[in-house]
Structures are given as structure tokens and as C-alpha cells.
Amino acid sequence: MEPRRLDSVWQATRQASANTLADLADVLGESCTPECLLRGIVRLERGEYAEARVDFDHVLATQPENPLARQYRGLVLWHLGEFELAADDLAPGTLFPQRDWTRRALQRFWPLRLEHPEILTAGIAPLAGPLPFEKEVASAEALTLPRRRALAQRLAKRGVRAYFAKQLPLAEWCFENACRLDPDDHDAAANTCWVALRIGHADKALALLQPIVEADLEAYKDKRESHLLPSPGLLTMYAWALHETGEHRGAVALLSTMRPEGPDDYHAHIIAGLSWLALDEHDKANACLDVALGAYLLDTWQQFVEPFFEKVVRWMRTRAAAHPAGTSA
């Protein structure tokens with residue numbers, strides 16, 4: 001098939017209807033590598049997983065280092081119940097996966113965290129003592145306000161170290177106590193909510209964010225000064241918490257008021273895209289995901305998507321023994 005025709009078929013797979021996919025499968029009748037890769041994607045979208053596996057296996061037999069074929073085969077193997085093999089194929093290995101693959105992977109795996117909340121803590125050690133500044137925290141009510149704030153700052157710094165060491169329960173504990181000791185520290189509140197959302201504690205994030213956002217909005221209504229508005233980071237996390245608690249329309253309505261600032265959109269487009277997916281508004285979802293995985297790819301992938309996929313892969317490996325090959329997910 002000519003390269004121009006291959007490119008047109010590739011574009012057609014992005015948002016193809018079932019009838020179009022059937023037509024594409026007939027067009028892709030040759031066995032060379034590009035046709036096999038495209039036919040495998042078409043078959044994946046049609047739910048023909050065994051046939052798609054044959055196509056991706058053929059590509060990898062001739063091009064073992066082809067990352068796209070391997071990542072797509074991982075999706076197929078997941079559907080076939082080959083969890084350990086799927087984890088091997090899906091384990092991060094490329095710097096940035098192809099955009100359409102990422103979108104298809106999110107469509108499959110993001111909703112799983114509701115049915116299997118343990119995904120969000122896969123590979124994360126539970127909170128265990130001794131905890132930093134534990135005695136001081138326990139007796140903090142007896143401290144003067146300046147000393148409480150100083151303790152809050154130490155806890156916040158310790159929380160940052162725990163976060164980058166991927167000790168998320170410890171980071172959450174540190175940030176949460178820093179926030180309790182100094183309720184006016186919105187950075188501590190933001191950090192608490194970010195970590196809480198990463199490990200499935202959306203109700204905690206929502207409860208913490210709601211009064212802060214409402215107070216900021218009231219202050220803005222009184223004085224109409226833009227610096228009084230809630231920060232974009234807080235608004236995005238508020239929308240994420242709404243999404244996690246099933247308020248998908250509320251999430252996209254809130255995000256529609258935001259504007260990106262320079263190179264950062266504070267994850268607004270990825271959360272909007274996931275919210276539209278939950279509402280089965282696939283055209284709107286794809287439009288948002290294209291921006292999140294295009295103009296804001298670096299931030300979106302490294303801070304939001306990749307950590308989630310890493311947890312999915314670890315979770316898959318824990319399921320491999322309990323779910324023999326050939327069982328469904």
C-alpha cells in the first residue's frame with residue numbers, strides 16, 4: 001500500500017465507526033509490517049483480540065524493537081487475560097508513547113480504578129511508624145501559633161521529600177498535619193489534595209478544597225480583584241476531586257472557566273478529557289486529550305499519566321497468579 005494511503009487509513013482509525021472499521025479491515029489485506037500494525041489496531045477496536053495479537057506478533061517478529069506494536073499488543077493481551085505478558089509489554093520503556101495509544105490505554109484502564117481502588121496504591125508501602133515529628137504533632141495544640149507554623153513548615157518539607165521518594169502515604173500524613181497546624185497555608189492544602197487524589201482519597205481532597213475555593217470566591221465577589229480568585233492549581237484539583245466522586249459535569253464546567261498559563265495548564269485538559277470520557281462524550285474527550293497529550297505532553301505524561309500506568313502495570317502483575325491466561329479482566 002502506498003504511504004499516502006497508509007496515512008489516510010491511520011487517520012481513519014482514530015475515530016472510526018464500526019462500519020468504517022469493517023471496511024478498513026478489508027483494505028488492509030497485505031502482510032507487510034505497516035499493514036499488519038494498522039490491521040491490528042483496527043481489530044483491537046473491533047474487539048477481535050486474538051486476531052489483533054497475530055498481527056502485532058507478526059510486526060514484532062520482524063521488528064522486535066517496535067514500541068508501538070509492543071504497546072498495542074499489551075492492550076490486546078490485557079483483554080485476553082494474559083496479565084503477566086501484558087504487564088511486560090505495557091511496562092514503561094519509551095520516553096513518550098504515541099498519542100492515540102495513550103488515549104486508548106486511558107479509555108481501558110482509567111475506569112478500572114473505581115472497580116479496583118487498589119490500583120492507586122499498587123506498589124506503595126502502607127504508612128508505618130515511627131512518623132516524623134510524631135510527638136510534636138500529638139502535642140501541637142499546646143504550642144504557640146508561631147511554633148505551630150514552624151512545625152507545619154518542617155512537616156511540609158518532610159512531605160516533599162517523602163513524595164519524591166514515592167512514599168505517598170507518608171507524604172499525605174505530613175502534608176495533612178501541616179495543613180491542620182497552619183490552615184492558612186494553601187500550599188500545604190494543595191500538596192495534601194494532590195497526594196490524596198493520587199492514592200484514591202478523593203473525599204478527603206474535596207472536603208479540604210471546598211471551603212478554600214468558596215472563601216476565595218467570596219473574597220473575589222467583594223473586591224473584584226483577580227489575585228483573589230482561587231489559584232489554577234487548586235481549581236484543577238477541585239475539578240479532579242469532583243470527577244473522582246462522580247460529578248463529571250461539575251468538573252468540566254469548572255475547568256471551562258480556566259485558561260492555561262504559559263507552558264502549564266495545571267492538568268486541566270487531561271482531567272476534562274477523562275470527565276468527558278466518563279460522560280461518553282467521546283468527541284469532546286478526544287479534543288481535550290489531544291491538547292493534553294500535545295501542547296502539554298511533558299507535564300501531562302510525567303506527572304499524571306505515567307505514574308498511573310506504572311501502578312496499573314504493578315497491579316497487573318499481582319493479578320497474574322490469581323487469573324490464569326485466558327480469563328477475562
Side-chain angles (χ1 to χ4, degrees), residues 113-114 116-219 230-247 250-251 254 266-268 270-271 302-304 307-308 310-311 314:
R113 81 207 185 286
L114 300 177
H116 303 283
E118 66 272 16
I119 288 175
L120 297 181
T121 55
I124 297 175
L127 184 64
L131 299 171
F133 313 112
E134 191 169 11
K135 291 182 180 179
E136 293 93 328
V137 169
S139 58
E141 297 302 322
L143 299 176
T144 63
L145 180 59
R147 293 184 65 185
R148 281 204 304 272
R149 286 179 171 168
L151 176 58
Q153 290 177 4
R154 293 202 300 273
L155 281 164
K157 290 179 181 178
R158 184 65 181 85
V160 170
R161 296 207 326 260
Y163 176 79
F164 284 108
K166 299 187 177 181
Q167 300 169 325
L168 298 190
L170 176 58
E172 182 186 39
W173 185 88
C174 290
F175 290 139
E176 190 173 9
N177 278 286
C179 198
R180 180 175 62 84
L181 293 171
D182 188 0
D184 294 330
D185 187 348
H186 286 191
D187 287 339
N191 287 336
T192 304
C193 295
W194 177 258
V195 176
L197 288 164
R198 286 277 301 272
I199 57 180
H201 298 162
D203 289 338
K204 179 185 294 185
L206 196 60
L208 184 58
L209 284 167
Q210 189 167 358
I212 295 174
V213 171
E214 289 177 353
D216 286 349
L217 290 175
E218 281 298 317
S231 71
L234 284 179
L235 285 178
T236 303
M237 283 190 287
Y238 195 14
W240 186 3
L242 289 173
H243 165 67
E244 292 290 347
T245 53
E247 297 290 337
L254 179 60
Y266 301 95
H267 306 298
I270 185 67
I271 295 166
Q302 289 187 336
Q303 295 190 39
F304 195 99
F308 174 69
E310 287 175 347
K311 292 175 184 177
R314 286 194 292 265

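Numbering of residues begins at 1 and proceeds along the displayed sequence. The model shown is predicted, which means the values in this text are computed figures rather than measured ones.
Shown here for C179 and L208, the closest heavy-atom pair between the two residues is SG-CD1, 3.8 Å. A122 and R314 make their closest contact through O-NE, 2.9 Å (heavy atoms, listed as atom of the first residue, atom of the second, distance). What you find for A162 and A171 is that their closest heavy atoms are CB-N, 3.7 Å. In this structure, A140 and L181 approach most closely via the heavy-atom pair CB-CD2, 3.2 Å. Taking every heavy atom of both residues into account, A152 and D182 meet most closely at CB-CB, 3.9 Å. Taking every heavy atom of both residues into account, F308 and I119 meet most closely at CE1-CG2, 4.1 Å.
Residues P307 and R198 meet the side-chain proximity criterion, which asks for heavy atoms closer than 4.5 Å. Using a 4.5 Å heavy-atom threshold, the side chains of V137 and W173 count as touching. The closest side-chain heavy-atom distance from L170 to P132 is below 4.5 Å. I271 is listed as a side-chain neighbour of F304, based on a closest heavy-atom distance under 4.5 Å.
In this structure, the side-chain contact (heavy atoms from CB on, under 4.5 Å) partners of A202, at least two apart in sequence or on a different chain, are L197, E244, T245. Every side chain to side chain donor-acceptor pair (under 3.5 Å) that W194 has, sequence neighbours left out, goes to Y163. Under the side chain to side chain donor-acceptor pair (under 3.5 Å) criterion, Q210 pairs with E214, not counting sequence neighbours. Residues that satisfy the side chain to side chain donor-acceptor pair (under 3.5 Å) test with H243, not counting sequence neighbours, are W110, R113, H248, S275.
Rounding to the nearest 0.5 Å gives a distance of 12.5 Å between NE2 of H201 and SG of C193. The distance from the CG atom of L127 to the CG atom of L168 is 11.5 Å, given to the nearest 0.5 Å. Expressed to the nearest 0.5 Å, how far CH2 of W240 lies from CG of L254 amounts to 14.5 Å. For the atom pair CG (N177) and CG (L131), the distance works out to 8.5 Å, reported to the nearest 0.5 Å. With values rounded to the nearest 0.5 angstrom, K311 atom NZ is found 7.5 Å from I199 atom CD1.
No side-chain donor-acceptor contact under 3.5 Å links T121 to the backbone of I124.
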Q.
Apply side-chain contact (heavy atoms from CB on, under 4.5 Å) to residues D216 and H186 and explain how you reach the verdict.
A. CA-CA 11 Å; D216 286 349; H186 286 191; 4.0 Å; yes

Q: Run the numbers on Y238 and I212 for side-chain contact (heavy atoms from CB on, under 4.5 Å), then give the verdict.
A: CA-CA 10 Å; Y238 195 14; I212 295 174; over 6 Å; no

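Pairs of residues two or more places apart, or lying in two chains, never qualify as side chain to side chain donor-acceptor pair (under 3.5 Å) while including a residue from residues 143-156. Pairs engaging residues 121-144 under the salt bridge (charged side-chain N to carboxylate O under 4.0 Å, His left out) rule: E141-R180 [sequence neighbours left out].
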